[in-house]
Participant: 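Take a look at the following structure, please.
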Amino acid sequence: MSTGYPRPYGVTLLSLPPTPDPADWSPGNVQKWILWTEHQYRLPQLGKSFQELSGKELCAMSEEQFCQRSPVCGDVLHAHLDIWKSGGDSGWADSEVDSSCAGQPIHLWQFLKELLLKPHNYGRFIRWLNKEKGIFKIEDSAQVARLWGIRKNRPAMNYDKLSRSIRQYYKKGIIRKPDISQRLVYQFVHPL
DNA sequence: GAAAAGGAAATTG
DNA sequence: CAATTTCCTTTTC
């Protein structure tokens, strides 16, 4: 029994936008979302930098455009908005987020799968080598680590630490190194 | 020189 | 308490 619609992982309660799809947000809804995100992740005050923008316009903005309006945390806001987008290249059929795991911090393996799901946005950072076998390659380790740090609110995240977390999955049987070990290439033990 | 591999301790929800 | 995060040493690309 939650708020009625699925929310991104790691999201707790407070003043949430009225609809789950940011494309439906009015300029007022956008402001609400910004205030809420500011609070959740202790971001510096955004002020009116995103005034008068509809959700549709917001969704059309690139990370660069976000940073133009907010040099300090535009990248963080942009990454968080992407969590709310359900559409995109091949959005998650909102069954992914059930109330049972709502509020729990997202797992690294889930995050990686999210990025892999949106090749249009993240294909330059991480991509499938063999989707059927669950083999993927991290093309830009620094960028993936940066996005992971944003998601977990860990500004000091880097690939050294992210990769250590991936290695913790070895004994758990979640991710492994492919048969022919290659740098920056990993494999999900249970694809699909 | 960056990446892989783990041990160990600290942190966080 | 589990899942990282942080830090670090050694080895392999």
Side-chain angles (χ1 to χ4, degrees), chain A residues 1-17 20 33-44 72-73 75-84 92 94-119 121-131 133-192:
Chain A
M1 222 64 77
S2 57
T3 50
Y5 60 84
R7 284 177 271 111
Y9 297 105
V11 165
T12 53
L13 342 91
L14 214 75
S15 170
L16 295 155
W33 170 75
I34 287 178
L35 264 327
W36 176 83
T37 307
E38 265 177 13
H39 174 88
Q40 285 299 305
Y41 297 92
R42 291 100 180 277
L43 303 179
V72 265
C73 58
D75 57 336
V76 175
L77 264 191
H78 182 266
H80 280 297
L81 178 64
D82 201 50
I83 306 172
W84 290 84
W92 13 315
D94 60 346
S95 52
E96 292 287 347
V97 197
D98 62 81
S99 46
S100 62
C101 67
Q104 288 304 117
I106 187 176
H107 288 185
L108 177 56
W109 63 268
Q110 295 176 306
F111 172 78
L112 294 174
K113 283 197 169 183
E114 273 187 29
L115 297 191
L116 287 162
L117 216 52
K118 299 178 175 180
N121 296 332
Y122 306 114
R124 263 63 68 195
F125 304 161
I126 182 174
R127 66 183 180 88
W128 292 114
L129 288 190
N130 186 324
K131 188 169 183 177
K133 293 184 176 175
I135 301 174
F136 62 95
K137 175 167 187 176
I138 295 174
E139 300 283 5
D140 191 327
S141 58
Q143 290 299 315
V144 174
R146 183 181 67 89
L147 293 172
W148 178 232
I150 289 173
R151 181 68 74 89
K152 288 291 293 293
N153 201 14
R154 278 286 115 68
M157 182 53 58
N158 56 32
Y159 183 68
D160 178 47
K161 289 182 275 192
L162 185 153
S163 62
R164 182 69 190 92
S165 292
I166 291 180
R167 268 174 255 127
Q168 302 281 36
Y169 286 148
Y170 292 175
K171 63 161 121 350
K172 295 186 178 182
I174 297 173
I175 289 177
R176 69 184 188 99
K177 211 64 181 157
D179 297 314
I180 329 93
S181 181
Q182 305 168 73
R183 287 189 156 203
L184 298 168
V185 176
Y186 298 92
Q187 175 169 198
F188 286 103
V189 175
H190 303 299
L192 314 183

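In what follows, chains carry the letters A, B, and so on, assigned in the order in which the sequence lines appear, proteins first and then strands, with residues in each chain numbered from 1.
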Participant: Are OP1 or OP2 of C/dT6 and a side-chain N or O of A/K161 less than 4.0 angstrom apart?
Facilitator: yes

Participant: Any chance you could lay out the side-chain contact (heavy atoms from CB on, under 4.5 Å) test for A/I166 and A/Y186, step after step, and finish with the verdict?
Facilitator: CA-CA 9 Å; A/I166 291 180; A/Y186 298 92; 3.5 Å; yes

Participant: Measure from CG on A/D140 to P on B/dA2 and round the result to the nearest Å.
Facilitator: 14 Å

Participant: Starting from the 5' end of DNA chain C, give me the residue, A/N158 or A/K172, whose nearest nucleotide shows up first.
Facilitator: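 Here A/K172 is the residue nearer the 5' end.
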
Participant: When every nucleotide of nucleotides 6-13 of chain B is labelled 5' to 3' by its protein contacts under 4.0 Å (heavy atoms), B for base, S for sugar-phosphate only, - for none, what sequence of letters results?
Facilitator: BB----SS

Participant: Specify the separation, in whole Å, of atom CZ of A/R176 and atom C1' of B/dA4.
Facilitator: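 One finds 16 Å between C1' of B/dA4 and CZ of A/R176, rounded.
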
Participant: Could you state the atom-to-atom distance from OH of A/Y159 to C1' of C/dC8 in whole Å?
Facilitator: 17 Å

Participant: Output the single nucleotide from C/dT5, C/dT12, B/dA5 whose closest atom is nearest the side chain of A/R183.
Facilitator: C/dT12

Participant: Answer whether the closest heavy-atom distance between the side chains of A/L162 and A/M157 falls below 4.5 Å.
Facilitator: yes

Participant: Please state whether the phosphate of C/dT5, meaning OP1 or OP2, lies under 4.0 angstrom from any side-chain nitrogen or oxygen of A/W148.
Facilitator: yes

Participant: My understanding is that only residues two or more places apart in sequence, or in another chain, count here; which of them pass ring pair (Phe, Tyr, Trp, His ring centres under 6.0 Å) with A/F111?
Facilitator: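 Scan of A/F111 (ring pair (Phe, Tyr, Trp, His ring centres under 6.0 Å), adjacent residues dropped) gives A/W148.
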
Participant: C/dA3 C1' sits how many Å from A/Q110 CD, rounded?
Facilitator: 11 Å

Participant: Apply side-chain contact (heavy atoms from CB on, under 4.5 Å) to the pair A/Q40 and A/H80, showing each step before the final yes or no.
Facilitator: CA-CA 11 Å; A/Q40 285 299 305; A/H80 280 297; over 6 Å; no

Participant: Closest to the A/H107 side chain: C/dT6, B/dA4, C/dT4?
Facilitator: C/dT4

Participant: Just N and O in the side chain of A/S163: are any of them under 4.0 Å from OP1 or OP2 of B/dA3?
Facilitator: no

Participant: What is the distance from CD1 of A/I175 to C1' of C/dT4, rounded to the nearest Å?
Facilitator: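 In whole Å, C/dT4 C1' lies 13 Å from A/I175 CD1.
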
Participant: Would you mind reporting whether A/Y122 and A/L116 have side-chain heavy atoms less than 4.5 Å apart?
Facilitator: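 When only atoms from C-beta onward are counted, A/Y122 and A/L116 do not touch, as no gap falls below 4.5 Å.
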
Participant: Are any of A/Y169's side-chain N or O atoms less than 4.0 Å away from OP1 or OP2 of C/dA3?
Facilitator: no

Participant: Within the structure shown, what part of the strands sits under 4.0 Å from A/L162 by heavy-atom distance: base, sugar-phosphate, or nothing?
Facilitator: nothing

Participant: A/Y186 has an atom OH; how far is it from atom C1' of B/dA4, in whole Å?
Facilitator: 7 Å

Participant: Given B/dA3, is OP1 or OP2 found less than 4.0 Å from the side-chain N or O atoms of A/S141?
Facilitator: yes

Participant: Round to a whole Å and report the spacing from CZ of A/F111 to P of C/dT4.
Facilitator: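 A/F111 atom CZ is separated from C/dT4 atom P by 12 Å.
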
Participant: Decide whether a cation-pi geometry holds between A/K113 and A/F188; the criteria are a distance under 6.0 Å from NZ or CZ to the six-membered ring centre and an angle within 45° of the ring axis.
Facilitator: yes

Participant: Excluding sequence neighbours, so at least two apart, what forms side-chain contact (heavy atoms from CB on, under 4.5 Å) with A/N153?
Facilitator: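 Only A/Y41 meet the side-chain contact (heavy atoms from CB on, under 4.5 Å) criterion with A/N153.
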
Participant: Please state how far atom CD1 in A/I138 lies from atom P in B/dA3, giving the value in whole angstrom units.
Facilitator: 10 Å

